[in-house]
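These values consider heavy atoms only, across backbone and side chains, with no hydrogens, waters or symmetry-generated copies.
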Amino acid sequence: MFIHLGGNQMIRLSDVVAIVDAVGAVKSSSSIPFPTSSVEEVKSFIITTKHIYTSPISSNTLLKRSQSGLKVVSML
């Protein structure tokens, strides 16, 4: 399954390690060096096994998307 991060970015859900709120991550004294430029348009960081992605979508919305799964729609 894939998760849409906004814009033209989609990644495999199985590669996601964490979804982090951008404001909290930049303000915290975390040992992970999150990018600080253009933070006003970045709402969340998505940490995968190989990259850190930025997203204009809130971490709560991304979490809900990741938990929603596939829904079957009947076309009868």
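- Remark: L63 pairs with S66, Q67 by the side-chain contact (heavy atoms from CB on, under 4.5 Å) rule, at least two apart or across chains.
- Rounding to the nearest 0.5 Å gives a distance of 12.5 Å between CD1 of I46 and CG of D15.
- Taking NZ of K43 as the reference point, atom CG of D21 lies at 10.5 Å (rounded to 0.5 Å).
- Residues R65 and I57 are in side-chain contact: their nearest non-hydrogen atoms beyond the backbone lie under 4.5 Å apart.
- For the side chain to side chain contact (heavy atoms under 4.5 Å, CB included) with S44, the lone residue among P56, S59, S58 that qualifies is S59.
- For the pair F2 and L13, the minimum side-chain heavy-atom distance is 4.5 Å or more.
- Taking both residues in full, the closest heavy atoms of A22 and V42 are given as CB-O, 3.5 Å, listed atom of the first, atom of the second, then distance.
- In this structure, the separation between CG on L62 and NE2 on H4 is 10.0 Å, given to the nearest 0.5 Å.
- Residues M10 and V16 are members of separate hydrophobic clusters, defined by side-chain heavy-atom contacts under 4.5 angstrom among Ile, Leu, Val, Met, Phe, Trp and Tyr.
- With sequence neighbours excluded, no residue satisfies side-chain hydrogen bond (donor to acceptor under 3.5 Å, both in side chains) with T48.
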